[in-house]
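Working notes, beginning with the structure itself.
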Amino acid sequence: MIPENFLWGGATAANQYEGAYDEDGKGLSIADVERGSIHGVKRIIDDSIQENVFYPSHEATDFYHHYKEDIALFAQMGFKCYRMSIAWSRIFPNGDDEEPNEAGLQFYDDVFDELHKYHIEPVVTLHHYEMPLNLVHKYGAWRNRKLVDLAVRYAKVVFERYKHKVKYWMTFNEGNSLLISPRPWHQAGIIYQDDENEADVKLQASHNQLVASALTVIEGHKINPDFKIGCMLLYPLTYAYTCKPYDQVLTRNKMLRTYYWGDVQVRGYYTNTCRSFQKSIHGHFTMEDGDEEILRKGTVDFIGFSYYFSQVESDEPLMELVGNVAKGGRNPHLEITQWGWQIDPIGLRVSLNNLYDRYQKPLFIVENGMGAIDVLEEDGTVHDDYRIEYLRKHLKAMKDAIEIDEVDLMGYTMWGCTDLVSAGTGEIRKRYGFIYVDKDDEGNGTRKRIKKDSFYWYKKLIETSGELLEKENA
Ligand code: BG6
C-alpha cells in the first residue's frame with residue numbers, strides 16, 4: 001500500500017508561474033531577461049529588458065494575482081503538498097541588498113497561510129532556475145565564491161521567517177544540470193566567455209553551489225531541527241543501447257554528472273565517481289580550507305528528483321533525443337511526446353531503485369509529467385486522456401517500486417500542476433497542468449482556470465491513496 005502520509009501534490013517554479021516580474025519591489029532575475037520563443041526555437045538571453053519585446057514569463061500564468069483561486073483548486077484535488085519555489089529576487093531584489101524586501105516576504109507568507117488553510121504542506125525550493133540578475137553583472141554569477149555568502153544569507157532570512165510555516169525545503173533545483181546542460185544560464189547564470197575553460201567554470205560553480213547547499217542545510221537545522229532539507233537531482237536515466245561491454249562503461253560515464261551532485265549532497269564528499277567525472281572533462285577547481293568539513297556536515301535529509309524520460313548510450317551511432325537539459329540516444333522501444341521526449345514509465349521504477357540502492361535515503365519524486373498541446377473545446381472542457389494515460393503508467397510503476405521493491409518514497413508532485421511557461425522553450429502551449437489556463441503565447445486570453453479531465457482523475461487517485469491504479473483502465 002502507498003502509505004497514508006504520502007505527499008501527493010503538484011509542482012511549479014516561481015519564474016515560470018508567478019508573473020508579476022517587477023511588482024512590489026521584485027528585482028530582475030536571470031529568467032526575466034530570457035525571451036521565450038514561439039514553437040520551441042532556442043531562447044534568447046538579453047542583458048536587460050528590451051523594449052517592444054514580449055517576454056512570456058513576465059506575466060506567466062499569473063499565480064501572483066491568482067494564488068487564492070489556484071490553491072483552492074489544488075485543495076479540491078486533495079493535494080497533501082504543493083511544491084513551489086521562492087524567487088530570490090523578490091526577497092533580495094539585487095541579491096546583495098542590505099535589507100530584505102518586506103513585500104516579497106509578505107507575499108510568501110500569504111501563500112503559505114492560504115495553503116495551510118487547506119492543510120496543504122508547502123515544499124519549497126530555494127533556487128529554481130532564478131537568481132538576481134545583478135549577481136551576474138556584478139560578480140560573474142556562480143563562478144564567484146562571494147555568491148555562497150549571499151545565497152546562505154537569503155536562505156537564513158527565509159528559514160527564520162517561515163520556520164513555523166514550512167517544513168520541507170530543497171536547495172538547488174536540478175543542481176546537476178549545471179554539469180549536463182550546454183547552457184548553464186538557467187541553473188547558474190553563466191554564459192561561457194571565450195577566454196575561459198568551460199570545464200573549470202563548471203566545476204568551480206558546482207563547488208560553490210555545493211558548499212552553499214551544505215551551509216544552507218547546516219543553518220536550516222540550527223534554525224529549526226525539524227526541517228527536512230533535500231537536494232533536487234535531474235535524473236536522466238540512461239540504458240546501454242546494446243549488450244556490448246563497452247556500452248556499459250559509456251552508460252556509467254553518462255550518469256557520472258548526476259551522481260556527482262548526488263554523492264556530494266547525500267554522502268558529503270567528492271567520491272571516486274566525482275573524481276572520475278573531473279578527470280573525464282579535464283577540469284580543475286579550488287577548495288577553501290574548511291570546505292570538506294562543511295560538505296561532510298551539510299548532507300541532505302532526503303533526495304528530491306525529477307524524472308521525465310530515459311535515454312540510451314552506445315559507441316554506435318544513435319538517433320538523437322533532445323530534452324530541455326539532457327541529450328542522449330533514442331530508444332526504439334519507446335514512444336515519444338509531441339516534444340520528442342521518450343515515454344518510459346518503467347524507467348521511473350528503475351530510477352527509484354537505482355537511487356535508493358545507492359543512497360538508502362528517503363526519495364521524493366518532485367517532478368514528472370507530460371508537456372502536450374491541449375485543446376479547449378467549445379463547451380469549455382479539455383479532454384487530456386493522453387496525460388491520464390501517461391500518469392497512470394508512471395504512477396503504477398511508482399507504486400510497484402514502493403510495494404514490491406520497498407523503496408522509501410515520501411511523495412509525488414506532478415510537474416506544472418497548473419499550466420505555466422516552459423523552462424526549455426518559453427512556451428505556454430507546452431502544457432503540463434491538471435488545470436488549463438486560458439492564455440496563449442502571444443499573451444491573449446482571459447486567464448480563466450479550467451479543470452481538465454486529468455483534474456478529476458488525479459482527485460480520485462488521491463482519494464483512493466493510489467488504489468485506483470489497480471483497476472483496469474483506471
Ligand atoms: C525540469 C525543470 O527540468 O523540467 C522545470 O525543473 C521544467 O523547470 C521541467 O519546466 C519541464 O521542462 P520544460 O522545458 O518542458 O518546461
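Every heavy atom of this structure was used, including side-chain atoms; hydrogens, water molecules and symmetry mates were not. Both ligands and their constituent atoms are indexed starting at 1 by order of listing. Numbers here simply count residues along the sequence, with the first being 1. Keep in mind that what you see is a predicted model, and the values were worked out from it rather than measured.
By the side chain to side chain donor-acceptor pair (under 3.5 Å) test, N15 is found to be paired with no residue, residues two or more places apart in sequence or in another chain being considered. Residues forming a side chain to side chain donor-acceptor pair (under 3.5 Å) with D400 (at least two apart in sequence, or on another chain): K396.
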Distances only, to 0.1 Å: what are the N or O pairs between ligand 1 and the protein that fall under 3.5 Å?
residue	atom	partner	partner atom	Å
ligand 1	3 (O)	E174	OE1	2.7
ligand 1	3 (O)	E174	OE2	2.8
ligand 1	3 (O)	N324	ND2	3.2
ligand 1	4 (O)	N324	ND2	3.3
ligand 1	4 (O)	E367	OE1	3.4
ligand 1	6 (O)	H128	NE2	3.4
ligand 1	6 (O)	N173	ND2	2.9
ligand 1	6 (O)	E174	OE1	3.4
ligand 1	6 (O)	E367	OE1	3.1
ligand 1	6 (O)	E367	OE2	2.8
ligand 1	8 (O)	Q16	OE1	2.7
ligand 1	8 (O)	H128	NE2	2.9
ligand 1	10 (O)	Q16	NE2	2.9
ligand 1	10 (O)	W415	NE1	3.2
ligand 1	12 (O)	N324	ND2	2.9
ligand 1	14 (O)	N324	ND2	3.1
ligand 1	14 (O)	S422	OG	3.3
ligand 1	14 (O)	G424	N	2.8
ligand 1	15 (O)	K430	NZ	2.7
ligand 1	15 (O)	Y432	OH	2.6
ligand 1	16 (O)	S422	OG	3.1
ligand 1	16 (O)	A423	N	2.7

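Applying the salt bridge (Lys or Arg N to Asp or Glu O under 4.0 Å) definition to pairs two or more places apart or across chains, none involves residues 299-308.
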Check step by step if side chain to side chain donor-acceptor pair (under 3.5 Å) holds for R83 and N173.
CA-CA 11 Å; R83 175 183 176 227; N173 182 65; 2.8 Å; yes
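A side-chain hydrogen bond (donor to acceptor under 3.5 Å, both in side chains) with Y129 is found for one member of E34, E174, Q16 and no other, namely E174.
Using a cutoff of 4.0 Å between basic side-chain nitrogens and carboxylate oxygens, R358 and D263 are scored as salt-bridged.
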